[in-house]
Amino acid sequence: MSLARLLVDPSRWSVKAGAQSLQRLLPGAVVKELRQVGRTSEELLAKVQLLVLLVTAVVVICAGSSVAGTMSTTVLERGKEIGLVKAMGGTRWHLLRVFSAEALLLVLAAGVSGYLLGSDIFSPSHSGGGDLKGASRSKGSERNRGTERHLKWLLQS
């Protein structure tokens, strides 16, 4: 199957008329206007962007509900500590600030560790990229062993 492209001068011909005359001259061929192909590509891109947006929204909602569940479990487990703080004169706002600060520290620690592990695992040297002499591949294998050690340590603790 061969693909041929033909440019039509819009000052002399109408693109639609040119496509129709080509279709008549070449009955076995499929003639498409470039605008039609571009429009189809734009529609497909818009659908893919919507799909990515929906997946992102689902992930954010799931992560938020997971964090909310974890924090509510933490509050339930620490009932004695909360009672002690209230008995010593602590207010709801004080407790809210303490739990919010704890959640913020956990988020920062998780974000930094996730970034470091993710950037190490998905670095270009792991995919064989880098210079063409292969020096980065040996560094990549050393990095890969280091990442494996990090993951084993995380799974053990």
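Because only heavy atoms are used, hydrogens play no part in the values below, and waters and symmetry mates are left out as well, while side chains stay in.
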Identify all side-chain donor-acceptor contacts of residues 45-68 below 3.5 Å with residues at least two apart in sequence or on another chain.
from	atom 1	to	atom 2	distance (Å)
T56	OG1	V52	O	2.8
S65	OG	I61	O	3.3
S65	OG	C62	O	2.9

Side-chain atoms of residues 98-118: list all donor-acceptor pairs with protein atoms under 3.5 Å, sequence neighbours left out, distances to 0.1 Å.
from	atom 1	to	atom 2	distance (Å)
S100	OG	L96	O	2.8
E102	OE1	R78	NH1	2.6
S113	OG	A109	O	3.0
S113	OG	A110	O	3.2

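If you take NZ on K86 and CG on L95, they are separated by 6.5 Å, rounding to the nearest 0.5 Å. In this structure, the separation between OG1 on T91 and CZ on R97 is 6.5 Å, given to the nearest 0.5 Å.
In terms of heavy-atom proximity, L25 sits nearest to P27 at O-CD, 3.3 Å.
Cluster membership for V75 and M71, using ILVMFWY side-chain heavy atoms within less than 4.5 angstrom, is shared.
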